[in-house]
Participant: 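Please read through the structure below; I'll follow up with questions.
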Amino acid sequence: MFASNYDLTNQTQDSQDDLRINSDKISNLLKSLNDQQLQAVKSTEGPLLVLAGAGTGKTKVLTSRIINILANSLAYPSQILAVTFTNKAAQEMKKRIGEIVGDQVNNIWVGTFHAICAKILRRHPEVVGLRSDFTIIDDDDQTRLLKQILNDFNIDIKQFAPRAYLNKISRLKDSLKTPANADDLALPKLKEVFETYQFRLRSMNSADFGDLIALNLQIFNNDPEVLAYYQNKFRYVLIDEYQDTNDAQYRWLLQLSAINQNICCVGDDDQSIYSWRGANIANILRFEKDFSDAKVIRLEQNYRSTTRILNSAHQIISNNKQRHGKKLWTELGQGEKIKVFAYNDDRLEALMTANKIKDSLSSKKVKPNEIAVLVRAGHQTRAFEEAFMQNNISYRVIGGMKFYERMEIRDSIAYLRVVANPDDDLALSRIINVPKRGIGETALANFFSQAKEQKIPLMQVIKNAIANNELKGKGKESLTNLITIFDQFNKQITSESLLNIARNLLTQTGYLAMWKSENTVEAQGRIENIEEFINTLNDFTNITEFLEYASLVEARDEKNLQEAVSIMTVHGAKGLEFEMVFLPGLEDGIFPSSKSLDEKTGLEEERRLMYVAITRAKRFLTISFAKSRYMYGDVQFSMPSRFIKELNEDELDFEEISFGNNFYGKNNNYKSDKFDDEFSQDFDYEDKKTQQFQFNKSFQQSSFIKKPANQTNHYSSASKTNSDNSDTMLNQRVFHQKFGYGKVIKVDDKKLEIVFEKAGTKIVLKDFVSIA
DNA sequence: TGTTCCCCTATTTTT
DNA sequence: TAGGGGAACA
Ligand SMILES: Nc1ncnc2c1ncn2[C@@H]1O[C@H](COP(=O)(O)OP(=O)(O)OP(=O)(O)O)[C@@H](O)[C@H]1O
């Protein structure tokens, strides 16, 4: 079941037989396209850029194009390279193409950038100093490795987060920078850390995600024959979601299509939402420069959404300055107004959303599969899961913790990795003391420093220590034991089945017993996961194949095909469409996220994200926000998202819902005319237009509800540290949720003037600061 | 070495 | 609230 979805490795000969395609299906497909789409499909030769808004059929153009190429025998399937960003998209594309061309879809190179690069890299690893069984290390390993390195460099990881280094290094790789030209004032010794990180990866015969692309380029550079081979092989190159490419990926595409020049990129600059992982919108402009004869086709008819939805999306995105600009139209009719709900708190929001979904389902307006709740951040899914559970709504959370990311699965995989590759220091150090074997932090650090000194793998250090009888205590026996087990299984690796090795390995090393002895429901669940993991190994012939699957292909529960409402992040929803979409948590600080407000380009990207979110909806869109929200263990008050104000009131249907009392307190709602006024001072908007924060009529009528400032309430962050004595506030060091730490320089009734350490001088309401 | 307890911060997004 | 990291102690 796993291997079958991932058939990049089964290269069968293209047979003449397969090439016959049902011509009725083809002509029907082509007939269904509009003129511009058809033009994009038929312009097979030469560089082509399809730049078009959401729902205009970009993906459809891409699949139709491939089908058309095959139908006209312009290339063998194996000469077509189609690149996507997610496995989901790759799978979907395969399915669509397969429906028409049948089995030959399996010979097309369809996959994510990373999967395809891994495949190429596995064919020529020696060119860049790897062995063909190299492992791709994941995020968790990357962080652990960096933590080790930072500790070695005596860099305080409390002050300089390993993740910050990881981010920086990944971005450097995305833009093809080497340690030599790495520098960052905020990250000490970045150069050295980066260098060491690369060195450690290579000595473990492994590569990280960024390396996959960078090493492909290195192969192309070091071995022109290999490059020429692929350049000639791929007659047609196609890329979906082109706006998400980073510099390295762009170069890769450029190189591969240099000879045939048949490259087709489809994308939408307004949907660029991955700049934080290196995506560069400039690649769109660059394309027209690098391929001077590039044809550009724009698609303007949207086949997905109603006019109201499209208009709303357009109202949002037209606030962005940096865009190519396009306007969509649809024949799907005006549609219903966008519903906007204001809730008292997050609980009510989740509950009422569940209610509305229930109503829609029972009126048979939509099916569960056609409904999605899209959130800005992963943690927001929880409230909805709970509410849906309570209301017996079947749902699935898409994204989130993946199967292979669970602790017990990562541990199990680490055991297997050590068997397959004893030099895998990271895997060994992960499980050397799991279960407890009397090897503490200091012992491990000692092993590591010897490894570094003698330039040998960790495993070798331990073997030497055993041979020279340098170990003592319980560690001695347990380690000797462990190493023997690893050696024993290492010998079986070609003869025994993967499944048997795993089962016996996890039993003999005591890993399974560790969980069994814990005797909790949670541990039981972990054991079940491990069992499931062991069983999936049946689908793989060797460890390398499995590891590649685990690291590159997200394991989704395909069994779970029954009707269910989807809950996912907006990022995860890109490329998808639903009849009915709920967009909760539309609050400043959440969507747009508070982080994005600091950065110059941040708000524009948030707006694009909002654009993506809105355009997922076909017919029904419901936006909501909560006035208070339980977060960080406290009640936080927030304002409706500035994006709501960017929507045209005429398209909206506004309603305020509160059950009299705020969930977090009793009878503490009151209307304050001064509220908007006061609140606006607490928030610091960048552009003039929003500075006064004038709500349109419907919002003003609804009035925002806030707790009285002086009412004590143990749920409230504001009241518990709030001092009524103005004198004591002067010169006081305080903390503000948004602006951080600062010193009070002026007290004016309920308002304080504060010099914040990071955010400068601001006037804020006393209620929103606490004494630091 | 291992455990516990306290403090602090805060992933927003993912191949 | 949760989760990680560091200090303190058995
Ligand atoms: N010519 C057409 N006639 C009818 N329906 C079409 C046509 N072209 C596309 N569609 C439909 O419109 C919807 C959106 O198409 P598609 O997903 O390819 O758009 P997209 O541009 O890739 O969208 P996004 O940018 O949001 O990913 C799909 O349901 C598709 O089947």
Side-chain angles (χ1 to χ4, degrees), chain A residues 83-90 111-118 136-139 142-144 147 151 156-159 161-164 166-167 170 173-174 207-213 241 244-246 248-249 272-279 374-383 398-402 405 407 433 435-445 472-475 478 551-554 568-574 585 589-599 602 605-606 608-610 612-613 629-636 715 717 735 737-738 740-741 772:
Chain A
V83 199
T84 63
F85 276 89
T86 64
N87 292 295
K88 216 193 301 172
T112 61
F113 271 103
H114 295 92
I116 287 171
C117 285
I136 300 160
I137 70 160
D138 66 13
D139 188 73
Q142 290 179 295
T143 316
R144 283 182 339 108
K147 220 181 275 179
N151 278 329
D156 179 15
I157 59 172
K158 203 97 201 228
Q159 207 182 342
R163 285 219 89 88
L166 177 56
N167 256 322
S170 303
K173 286 185 178 181
D174 289 343
D208 66 15
F209 277 103
D211 282 339
L212 294 175
I213 321 260
E241 308 281 15
D244 290 334
T245 50
N246 62 37
Q249 289 160 339
S272 166
I273 54 176
Y274 283 105
S275 71
W276 50 272
R277 102 183 166 188
L374 307 183
V375 294
R376 174 69 250 268
H379 64 80
Q380 290 171 264
T381 59
R382 210 159 116 187
I398 296 172
M401 171 87 80
K402 289 179 204 135
E405 288 173 355
M407 187 207 325
N433 205 32
K436 299 264 174 296
R437 297 193 176 90
I439 309 298
E441 221 172 300
T442 36
L444 189 59
K472 45 188 166 26
K474 46 189 157 195
S478 58
S551 50
L552 289 178
V553 185
E554 53 209 284
M568 63 182 119
T569 64
V570 181
H571 281 89
K574 192 161 71 148
I590 292 184
F591 200 171
S593 80
S594 49
K595 279 254 166 79
S596 71
L597 299 173
D598 307 336
E599 307 157 34
E605 180 140 327
E606 292 291 302
R608 291 193 291 267
L609 195 56
M610 182 68 184
V612 169
R629 179 175 292 276
Y630 201 63
M631 251 178 117
Y632 298 144
D634 234 326
V635 177
Q636 317 275 340
Y715 284 109
S717 62
F735 176 76
Q737 198 62 41
K738 179 168 159 58
Y741 288 98

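Below, chains carry the letters A, B, ... as their sequence lines are ordered, and counting in each starts from 1.
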Participant: Nearest to the side chain of A:Lys595 - B:dT14, B:dT11, C:dG6?
Facilitator: B:dT11

Participant: Whole-Å distance between B:dT15 P and A:Glu241 CD?
Facilitator: 13 Å

Participant: Which nucleotide in the list B:dT13, B:dG2, C:dG5 gets nearest to the side chain of A:Ile157?
Facilitator: C:dG5

Participant: Where the side chain of A:Lys402 is concerned, which of B:dT15, B:dT13, B:dA10 is the nearest nucleotide?
Facilitator: B:dT15

Participant: Is the phosphate of B:dG2 approached by A:Asn433 (side-chain N or O, under 4.0 Å from OP1 or OP2)?
Facilitator: yes

Participant: Nearest whole angstrom, please: distance from the C1' of B:dA10 to the CD of A:Gln636.
Facilitator: 11 Å

Participant: Taking the same atom, P, in C:dG4 and in B:dT13, what whole-Å distance lies between them?
Facilitator: 16 Å

Participant: Which nucleotide wins on minimum distance to the side chain of A:His114, given the candidates B:dT13, B:dT15, C:dA2?
Facilitator: B:dT15

Participant: List the residues meeting ring pair (Phe, Tyr, Trp, His ring centres under 6.0 Å) with A:His114, not counting sequence neighbours, and say none if there are none.
Facilitator: A:Phe209

Participant: Does a side-chain N-to-carboxylate-O contact under 4.0 Å join A:Asp211 and A:Lys173?
Facilitator: yes

Participant: Give A:Ser593 one of three labels, base, sugar-phosphate or nothing, depending on what nucleic acid heavy atoms sit under 4.0 Å from its own.
Facilitator: base

Participant: Closer to the 5' end of DNA chain B via nearest nucleotide, is it A:Ser551 or A:Lys158?
Facilitator: A:Lys158

Participant: Under 4.0 Å, counting only non-hydrogen atoms across every strand here, what does A:Glu606 touch: a base, just sugar-phosphate, or nothing?
Facilitator: base

Participant: Flag as yes if A:Trp276 stacks onto the base of B:dT13 (centroids under 5.5 Å, planes under 30°), otherwise no.
Facilitator: yes

Participant: For A:Phe591, report the nucleic acid contact type (base, sugar-phosphate, nothing); a contact means any heavy atom under 4.0 Å.
Facilitator: nothing

Participant: Measure the distance from CZ on A:Arg629 to P on C:dT1 and round it to the nearest whole Å.
Facilitator: 17 Å

Participant: If you look at every strand shown and take non-hydrogen atoms under 4.0 Å, does A:Gly378 touch a base, only sugar-phosphate, or nothing?
Facilitator: sugar-phosphate

Participant: Would you mind classifying the nucleic acid contact of A:Lys147 as base, sugar-phosphate or nothing, using non-hydrogen atoms under 4.0 angstrom?
Facilitator: sugar-phosphate

Participant: What integer distance in Å separates A:Asp634:CG from B:dA10:P?
Facilitator: 17 Å

Participant: Given B:dT13, B:dA10, B:dT15, which nucleotide is nearest the side-chain atoms of A:Arg277?
Facilitator: B:dT15

Participant: Go through A:Leu212 and A:Ile136 one step at a time and tell me if the side chain to side chain contact (heavy atoms under 4.5 Å, CB included) criterion holds.
Facilitator: CA-CA 8 Å; A:Leu212 294 175; A:Ile136 300 160; 4.1 Å; yes

Participant: Output the rounded distance in Å from CG (A:Leu212) to P (B:dT14).
Facilitator: 19 Å

Participant: Report the distance from atom CG of A:Leu597 to atom P of B:dT13, rounded to the nearest whole Å.
Facilitator: 16 Å

Participant: Identify, between A:Gly572 and A:Arg437, the residue whose nearest nucleotide on DNA chain B lies closer to the 5' end.
Facilitator: A:Arg437

Participant: With distance as the sole test, does A:Glu605 use its side chain to make a donor-acceptor pair with the main-chain N or O of A:Gly602 at under 3.5 Å?
Facilitator: no

Participant: Salt-bridged, A:Arg163 to A:Asp139, with N to O below 4.0 Å?
Facilitator: yes

Participant: Whole Å only: how far is the CE atom of A:Met568 from the C1' atom of B:dT12?
Facilitator: 17 Å

Participant: Kindly write out the residues that satisfy side-chain contact (heavy atoms from CB on, under 4.5 Å) with A:Ala89, not counting sequence neighbours, or none if the list is empty.
Facilitator: A:Thr84, A:Thr86

Participant: Determine whether any donor atom in the side chain of A:Arg376 lies under 3.5 Å from an acceptor atom in the base of B:dT13, or the reverse, and answer yes or no.
Facilitator: yes

Participant: Among the candidates B:dT15, B:dT11, B:dT13, find the nucleotide nearest to the side-chain atoms of A:Phe209.
Facilitator: B:dT15

